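The structure presented is a predicted model; accordingly, all values stated were derived computationally and were not measured.
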Amino acid sequence: MPLFSKKAPKFGRTDSDPATNAASTVAGGSSTYNDNNNTSSSNGKTTTMNGTNASSRIDPYIPKPQLIFHCQLAHGSPTGLITGFASVRELYKKIAECYDIPVEEILFCTLNSHKVDMTKLLGGQIGLDDFIFAHRKGRPKEIEIIKSEDALGLTITDNGAGYAFIKRIKEGSVIDRIEHISVGDHIEKLNDVTMVGKRHYEVARLLKDIPTGTTFTLRLVEPMKSGFQGIGPRTQSRAPSGRGYGSGKETLRFKANGNVEIEDKFDESTQSGIEAINNLLESFMGINDTELATQIWDLGANKSNSMDFAEAIDNSDLESFGFTDDFIIELWGAVTDARRRKTAKN
């Protein structure tokens, strides 16, 4: 079946973490960077760069403060404060400004884990208590591959900002037998043709279209690694609130129209339905996209039959993706199964 032809562009703490404790404390003090409000702190003293002390402003018409998220570079850095973004691209730009690095250096972000953990990838939403870890480019590598089977065994996702990378490798597959290819590797080039700026389904289609028996070359870039990669978070937290990170019941969701909204965290049945839809995308398309799966779920949430669901897809920006009727029936089955489980629990 055909892959998607195109998709409208999408917009995707714990101080107990060893990377935090090791990198954010210098000579007994701490350094905090906030590029958005131009404040910095060192050894407990705070200064403002615009000449005005924030505590002295009493204007009742000052807008409500923006949400602030805590961030670190995954291989180790001080903790940064990130705010004022409405898309994944803007988030990456804010992180790059905070740490004074090129935005092109950021491969992807994980939530609440500094490891290359594909179950923790930042997608279309961020919990209000989530801690963001940004993974930078590491070592590049070029690998020659013989496509000895029709399927390579790759699941591909992207960071929402132009970089597609490997999310999963099927055990026993062509790629699994190649020692130097790993989960988290960014697919930079295919046979000297750049993949930067392409969505995951475009890269998946190009790989699928390579004839069986053909030899091709992948240029990959692995995430930067450090000594912290194998260390888990400590059990105690230094956070003043005493709460573990990622425990918030509300999330910040990125919308396709460029807006962000705070919404309640999905219940268990909704999460299972979205996961089932994403599994179908992986099985049929070789891609992984939680935001796309969520959009499909939203279209089917209030529909009473598959015909209404198919019509909703046809009237949305998903129509251009070329879903087949059989695939839409599979998606509708995932929606109704999740509903049935929710009804049974209630």
Is the shortest side-chain heavy-atom distance between [X] and [Y] below 4.5 Å?
{"X": "Ile95", "Y": "Cys109", "result": "yes"}
{"X": "Ile156", "Y": "Leu207", "result": "yes"}
{"X": "Leu81", "Y": "His70", "result": "yes"}
{"X": "Leu91", "Y": "Leu122", "result": "yes"}
{"X": "Ile187", "Y": "Leu218", "result": "yes"}
{"X": "Phe323", "Y": "Glu330", "result": "no"}
{"X": "Val335", "Y": "Lys303", "result": "no"}
{"X": "Thr157", "Y": "Phe165", "result": "yes"}

If you round to the nearest 0.5 Å, how far is [atom2] of [Y] from [atom1] of [X]?
{"X": "Arg168", "Y": "Glu282", "atom1": "CZ", "atom2": "CD", "value": "4.0 Å"}
{"X": "Met224", "Y": "Arg136", "atom1": "CE", "atom2": "CZ", "value": "4.5 Å"}
{"X": "Trp332", "Y": "Ile277", "atom1": "CH2", "atom2": "CD1", "value": "10.5 Å"}
{"X": "Met285", "Y": "Arg205", "atom1": "CE", "atom2": "CZ", "value": "12.0 Å"}

Check: Of Leu331, Thr336, Asn302, which is the lone residue that meets side chain to side chain contact (heavy atoms under 4.5 Å, CB included) with Phe309?
Finding: Leu331

Spell out, as yes or no, whether a donor-acceptor pair under 3.5 Å connects the side chain of [X] to the backbone of [Y].
{"X": "Ser269", "Y": "Ala338", "result": "no"}
{"X": "Asn278", "Y": "Leu281", "result": "no"}
{"X": "Asn112", "Y": "Phe131", "result": "yes"}
{"X": "Lys147", "Y": "Lys208", "result": "yes"}
{"X": "Tyr92", "Y": "Ala134", "result": "no"}
{"X": "Glu105", "Y": "Pro102", "result": "no"}
{"X": "Arg177", "Y": "Gly172", "result": "yes"}
{"X": "Asn159", "Y": "Leu107", "result": "yes"}

Margin query: Does this structure show an ion pair linking Arg219 with Glu142, if we count only N-O contacts that are shorter than 4.0 Å?
Written below: yes

Note to self: Under 3.5 Å, is there a donor on one side chain and an acceptor on the other for Gln72 and Ser77?
What the structure shows: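 There is no such pair (donor and acceptor under 3.5 Å, judged by atom type) between the side chains of Gln72 and Ser77.
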
Enumerate donor-acceptor pairs with a distance under 3.5 Å from any side-chain N or O in residues 190-198 to protein atoms, sequence neighbours excluded.
unit_1	atom_1	unit_2	atom_2	d
Asn191	OD1	Thr217	N	2.7
Thr194	OG1	Val196	N	3.1

hydrophobic_cluster_shared for [Y] and [X], side chain cutoff 4.5 Å:
{"X": "Trp297", "Y": "Met307", "result": "no"}
{"X": "Leu206", "Y": "Ile143", "result": "yes"}
{"X": "Val103", "Y": "Val221", "result": "no"}
{"X": "Ile175", "Y": "Ile146", "result": "no"}

Has [X] got more than 12 heavy atoms of other residues, nucleotides or ligands less than 6.0 Å from its [atom1]?
{"X": "Asp325", "atom1": "CG", "value": "no"}
{"X": "Ile329", "atom1": "CD1", "value": "yes"}
{"X": "Lys137", "atom1": "NZ", "value": "yes"}
{"X": "Gln271", "atom1": "CD", "value": "yes"}

Next item on the list: Let me know which of His186, His200, His135 forms a ring-ring contact (aromatic ring centres under 6.0 Å, His included) with Tyr163.
Entry: His186

Next item on the list: Begin with the C-alpha distance, continue with both residues' side-chain angles, and end with the deciding distance and a verdict on side-chain contact (heavy atoms from CB on, under 4.5 Å) for Phe69 and Leu252.
Entry: CA-CA 11 Å; Phe69 293 86; Leu252 187 74; 3.9 Å; yes

